[in-house]
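Below: one structure, written as structure tokens.
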Amino acid sequence: MATSLYRLGRAAFTHRKRVLAAWLLLLVAFGGLAMGFGKSTETAFTIPGVEAIEAADLLAQRLPESGAGGASARIVFAAPQGRTVTDPAYRDGIESTIAAAATGGAVAQVSDPYRTGAISPDGRIAYATVTYRGDANAVTDADRTALHAAGDRAASAGVQVEYGGEAMNTPPGNSAAELIGVAVALVVLSVTLGSLLAAGLPLLTALFGVGTAMAAVTALTAVIDLSSIAPTLGLMIGLAVGIDYALFIVTRHKENLAAGLDPREATARAVATAGSAVVFAGATVMIALTALSVVGIPFLTSMGLVAAGVVAIAVLIALTLVPALFGFAGERFDRWPVPGMGKRQRRLSTGDSFGTRWARAITRRPLPVLLVAIIGTGVLALPALGLQLGLPDDGTKAADTTQRHAYDLLAEGFGPGFNGPLTLVIDAADGGNLDAASSAITSAIRNTSDVAAVVPVPASSDTGLVTVIPRSGPSTEETKDLVGQIRGLRGEIEDTTGTRILVTGNTATGIDISQKLASALPIFLAVVVGLSFVLLMIAFRSILVPLKATLGFLLSLAVTFGALVAVFQWGWGAELLGIDTTGPIISFLPVLLIGLLFGLAMDYEVFLVSRMREDYTHGATPDEAVIGGFRHGARVVTAAALIMGSVFAGFILGHDTTIKSIGFALAIGVLVDAFVVRMTIVPAVMALLGHRAWQLPAWLDRILPNVDIEGAGLDTEARADTVDRPELAHSR
């Protein structure tokens, strides 16, 4: 591999104008497709084959004229304190809003609270349900604008008007606060590389790669459905790995120039060595992300494939555009030095760095260091034992949003369970006794604990509906238990009445999706770890090194889950992050984190340990190889981890709770994995293993391909290239 990448690096340096032109053409092409054919992403999280979604699909099929199974919104009305919504002035405004809302082109029907009795016992709060003909993804911004315009009629009469429901959800946007991570990255790069030109190059290529990738993702929405979180996730991952991969190659190029190589040869060798680590790191990330498709969940598959595609572009940018820009910089790579950094750079190039001293200290006492690190991370991981999963609802929205205001008003007027109603669908299409089934299940549920109300709803001759209002909130364990109790009651009733009873609604859907995702975790983890283990075994010609890498990742993952539970579920320090409401962790986050963190953790493993193996194959002792790997790699891994952590942390400052939790988890996971696992536990374990770390059974050594990640064949390749093509002997 190293020799192939060597040739690629030289070619990109030599034909830099063509390489740059090709990437610019690709960016323009994807940008044009995105502007011409891109469409909105999906805001709903659905999984085929779970009961709650099957019931919703059945409703959409049986009762399409009523909008059953379609998206819904709620208009919540609140009269001033001490007044009621039945006061004539307020009633006129509310009825005017209901009439205006019913004229929306996508609206199937609007309920009237004065006819349905949807008024709180104290008379101050009322609500109208707006049902749309399509699902939540079919509700447009124009539909939401029309609904707000209708609500203005009641607002002008002095009524507080708020809006909630899945139809009001919009794709999360990106905020300027996320640029803080980019600013931190520039500072770290400047300190690490010592010049603004060298520091700006990884940032420039990363932004270019993210722009190309995001344009491609937007263009893809014309032919495939993408989750609304997929583009934000792609942006998050693209910035982080794009900067890191370019940094790996830029740092090696800088070292090669300092060693006296001409710019072309320095570029080729940087791509051959650091580029090999980038290829394996990127491949590991892509394996982990594409493996999300094996769990059979469409919105997770789209997230994984989008993020994997973004990583692929980041790898290609690092291997082609970065060396092409080296060609434009030529001998002026250290142009525009950062004030005060020159002396530090010279000192680091001649003396021991902190990373070298740290590795030397660990190799002297590896066992105590290992025990302290494992015990410390184990304590931090303890909150993960209390992990609870669920899907976000309006109660998790920011406190200043209309959805959250609507949620709180409904809970105040009708009780906390009102925001999580359960809908029972009774299917009597095969000749069952619908009336008997409806009466029996209604009576059985009324005798169940934690039920505030049970209301049979007239539907059709072969389909019945029963609405169940829990006493507890939608994300509580009590409501989850209630769903299980209801499903336990239906068996005998179904047998005696010849019907089928299904439980649906947003709360039941969240429960079913969470259970489906939890059952998919073991399969997904086995696929990710298995494939990546083989890849790392090929890269390092070792069994123990990949095993150590995998166990270290599991430790990082446990700490990440512990931090998530402590902050987002238990509320420790939540106010510092702008989190207004705590509750269960979003159900797809564990699966997503396994894919993302495993791949990102292996970035640092590959880069740091590949330098150790490079020294080991050149005759260093195991301890010397560990220290040498840190001498060359610790500064880069430190900078890369700070950059990646800062980029992820920038997303914590956004408004969407889901994006906050993803950014927080990735930032914690990356920093813990880099500084505790890769830079503390890894050298301790490598020192304890000694020569055994690099041993491979003879039969396995014969089977595995030799990819030469350490670049042992580069000298031969460089000599042959100069003999065959004398014009490449000198830089231009």
ask   = Nearest heavy-atom pair of Thr497 and Ala437: which atoms, and what distance?
value = OG1-CB, 3.6 Å
query = Between the side chains of Thr509 and Asp512, does any donor sit under 3.5 Å from an acceptor?
reply = no
query = Can a donor-acceptor pair be found between the side chains of Asp143 and Thr140 at a distance below 3.5 Å?
reply = yes
task = Tell me, with the steps shown, if Asn433 and Thr499 meet side chain to side chain contact (heavy atoms under 4.5 Å, CB included).
result = CA-CA 7 Å; Asn433 190 331; Thr499 59; 5.6 Å; no
ask   = Do the charged groups of Arg500 and Glu54 touch, with an N to O distance under 4.0 Å?
value = yes
ask   = Cut-off 3.5 Å, side chains only: do Thr463 and Arg62 have a donor facing an acceptor?
value = yes
inquiry  = Could you check whether Thr479 and Thr476, counting side-chain N and O atoms only, form a donor-acceptor pair closer than 3.5 Å?
reply    = yes
inquiry  = Assess whether a salt bridge exists between Arg91 and Asp87, defined as any Lys/Arg side-chain N lying under 4.0 Å from an Asp/Glu carboxylate O.
reply    = no
request  = Verify the distance criterion only: is there a donor paired with an acceptor across the side chains of Ser472 and Asp450 at less than 3.5 Å?
outcome  = yes
key: Candidate pair Arg124 and Glu412, rule salt bridge (charged side-chain N to carboxylate O under 4.0 Å, His left out), full reasoning   = CA-CA 10 Å; Arg124 196 177 78 84; Glu412 176 189 341; 3.0 Å; yes
Check ion pair Glu494-Arg487 (N to O, under 4.0 angstrom) = no
request  = May I ask you to check whether Phe77 and Tyr127 place their ring centres under 6.0 Å from each other?
outcome  = no
inquiry  = With a 6.0 Å cut-off (strictly less than), is the heavy-atom count around CG of Asp122, excluding the residue itself, greater than 12?
reply    = yes
request  = Step through the shown structure and confirm whether more than 12 heavy atoms of other residues, nucleotides or ligands are within 6.0 Å of NZ on Lys516.
outcome  = no
key: Worked verdict on Leu59 versus Val425 for side chain to side chain contact (heavy atoms under 4.5 Å, CB included)   = CA-CA 8 Å; Leu59 282 178; Val425 182; 3.8 Å; yes
request  = Could you grab the distance from atom CG of Asp141 to atom NE2 of His148, nearest 0.5 Å is fine?
outcome  = 10.0 Å
ask   = Can you tell me how far the CD1 atom of Ile53 sits from the CD1 atom of Ile513, to the nearest 0.5 Å?
value = 4.5 Å
